[in-house]
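Just so you know, residue 1 is the first one in the sequence shown, and it goes up from there. We use all heavy atoms of the structure for the numbers below, so side chains are in, but hydrogens, waters and symmetry mates are not.
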Amino acid sequence: MDKSERLFERARRAIPGGVNSPVRAFQAVGGSPRFIASASGSKIRDADGREYIDYVGSWGPMIVGHAHPRVVEALRRACEKGTSYGAPTELEVELAEKVVEMVPSVEMVRMVNSGTEATLSAIRLARGATGRDKIVKFEGAYHGHADSFLIAAGSGAATLGVPNSPGVTAGAARDTLLARYNDLESVENLVEGAPNEIAAVIVEPVAGNMGVVPPVPGFLEGLREICTREAIVLIFDEVMTGFRVAPGGAQQLYGVRPDLTTLGKILGGGLPVGAFGGRADLMRQVAPEGPIYQAGTLSGNPLAMTAGLETLRILSEPGVYERLESLSRRLDEGTRRNLDALGLDLCTTRVGSMLCLFFASGEVRSWDDASRSNVKAYAAYFQAMLEAGIYLAPAQFEAAFVSLAHSEEDIDRTLDAQRRALDIARKILD
Ligand code: KE4
């Protein structure tokens, strides 16, 4: 057994499944997860000293690369001033102002400690502000693990939600309606079936949790129209896309303004941060200015604010998104060449520096399409890439992330390994 395997055995005695978040356990791809000992730039190193080119980037936050010298130095200085006060600081004001400056629809913002906290708070705000109970989410979308979101597609055309985890009550499920991504008619049907009952539509403006599924032209604009017409709060869950697909996220890229936006991941630069923000008339209803309660011991924590601020400052420098685009295009075009060379008809998607290779042919526009993927072939591909020193998401329904620290050489090494890995996966596809 190598050190990761020994550590996994030990971890499983003290931590459920041996991990602090399920996807890390490699259950979708088999084998034992690599225990990571350190990381810098585009590389991570496991407990046995093996080095990998990293396309998980801690699931999105590490867009400037691991252990960026400026972030590390800023954190070192911050630590020496104490790590948490539970009181207002100038740092959190600076980060709030930076978010307001960068994200088009955000007029005010509240910091929290995770994406889940951000989305559950945004839903509570929408419900409190509208006096309505129901929300609409999309099948295959992930907004964190709050009860309202752990809902599977129920039976029946009404697509009423049913819990997809024990512990989620029927009451919670009853208030979550499920639509199909990229299908405005499915939203119209839900709205028609629940007049004046829907508080919010929450959407990943680029879906990143069923693999990467871009919005078809008109989809986001259509959601905006429906929500404006019905006085429904439109929430863009930009926990993944925020600061990723453009400085101002997907709402800047596609030019559609939600009423509320949830953020996380990159906002914390690798430390635990989430946030929800948007129209001031909504945000002013949040305690203590308004009656809608939301709180958090470590919200606005000075270390997390420091890492987030330094990361956003780096991202605000000229040429950053052009660099991300150039590297990501190189990977995407190289992947398509590899697929052509092997005669494989697989679907690849990309929005900026978030990409996905579906082990499914044809277009992927919704969960129905994505769920056709051959997850066994993906698992074989994943293991072959891991063996070759390329660290991908250990599950088909995730995104690959390119960072500023990746080099052309990293991309070319990845494409070389990919040819061999696809050849192995092809045997399962045939
Ligand atoms: P967290 O509570 O994990 O910080 O954020 C939840 C969340 C909310 N919204 C979107 C669009 C998200 O992608 C996420 C979290 N993303 C997953 C990756 N698919 C986190 C990885 C994990 O669960 O370990």
Compare every heavy atom of [Y] with every heavy atom of [X], then report the nearest pair and how far apart it is.
X	Y	value
P272	A304	O-CB, 3.8 Å
A118	F276	O-CB, 3.8 Å
L95	G308	CD1-C, 4.1 Å
V320	I314	CG2-O, 3.3 Å
I123	I235	CD1-CD1, 3.9 Å

Determine whether a donor-acceptor pair (N or O, by modelled atom type, separation under 3.5 Å) exists between the side chain of [X] and the backbone of [Y].
X	Y	answer
S353	L324	no
S328	E325	no
S58	G60	no
H68	G65	no
Q285	D281	yes
T83	C79	no
E408	L327	no
D133	E197	no
Q396	L357	yes
D48	R50	no

Tell me, with the steps shown, if E188 and R229 meet salt bridge (charged side-chain N to carboxylate O under 4.0 Å, His left out). CA-CA 11 Å; E188 290 284 12; R229 183 188 77 215; 2.7 Å; yes

Answer yes or no: is there an ion pair linking [X] with [Y], defined by an N-O contact shorter than 4.0 Å?
X	Y	answer
E5	R12	no
E221	R257	no
R77	E73	yes
K43	D410	yes
R336	E333	no
D412	R330	yes

Quick one: pull up [atom1] in [X] and [atom2] in [Y] and give me the separation to the nearest 0.5 Å.
X	Y	atom1	atom2	result
I151	K137	CD1	NZ	8.0 Å
L125	I292	CG	CD1	5.0 Å
L392	Y55	CG	OH	8.0 Å
T89	K81	OG1	NZ	10.5 Å
N196	K134	CG	NZ	13.0 Å
Y391	T414	OH	OG1	15.0 Å

For L263 and V239, run side-chain contact (heavy atoms from CB on, under 4.5 Å): C-alpha distance rounded to whole Å, both residues' side-chain angles, the deciding distance at 0.1 Å, then the answer. CA-CA 4 Å; L263 297 164; V239 166; 5.7 Å; no

Given W367, which of F397, F138, Y181 fulfils the ring-ring contact (aromatic ring centres under 6.0 Å, His included) condition? F397

Pair up each side-chain donor or acceptor in residues 27-37 with any protein partner under 3.5 Å, not counting sequence neighbours, and list the distances.
residue: R34; atom: NH1; partner: D2; partner atom: OD2; Å: 3.0
residue: R34; atom: NH2; partner: S32; partner atom: O; Å: 3.3

Using the test side-chain hydrogen bond (donor to acceptor under 3.5 Å, both in side chains), find all partners of Q418 that sit at least two apart in sequence or belong to another chain. T335, N338, Y381

Show me the donor-acceptor pairs, under 3.5 Å and distance only, between side chains in residues 211-220 and residues at least two apart or in other chains.
none

Less than 4.5 Å apart, any side-chain heavy atom of L355 and any of T349? no

Hey, does M305 have a side-chain heavy atom less than 4.5 Å from the side chain of L267? no

For residues 285-310, which residue pairs qualify under salt bridge (Lys or Arg N to Asp or Glu O under 4.0 Å), counting only residues two or more places apart or in two chains? R70-E310, R284-E289, E310-R313

Could you walk me through whether R132 and D175 pass salt bridge (charged side-chain N to carboxylate O under 4.0 Å, His left out), step by step? CA-CA 10 Å; R132 301 174 181 177; D175 285 335; over 6 Å; no

Hey, could you give me each pair passing side chain to side chain donor-acceptor pair (under 3.5 Å) that has a residue in residues 104-120? Not counting sequence neighbours. S105-Q251, S105-T261, R110-Q294, N113-E117, N113-S299

Tell me whether K3 at atom NZ has more than 12 heavy atoms from other residues, nucleotides or ligands lying less than 6.0 Å away. no

Would the number of heavy atoms belonging to other residues, nucleotides or ligands and lying under 6.0 Å from OH of Y293 be above 12? no

For F149, enumerate each residue passing the ring-ring contact (aromatic ring centres under 6.0 Å, His included) test, keeping only those at least two apart in sequence or located in another chain. H143

Measuring centre to centre across the rings, with the benzene-like ring taken for any Trp, is F26 within less than 6.0 Å of F8? no

Evaluate salt bridge (charged side-chain N to carboxylate O under 4.0 Å, His left out) for R76 paired with E80, printing each intermediate quantity in order. CA-CA 7 Å; R76 191 188 59 72; E80 287 166 356; 2.8 Å; yes

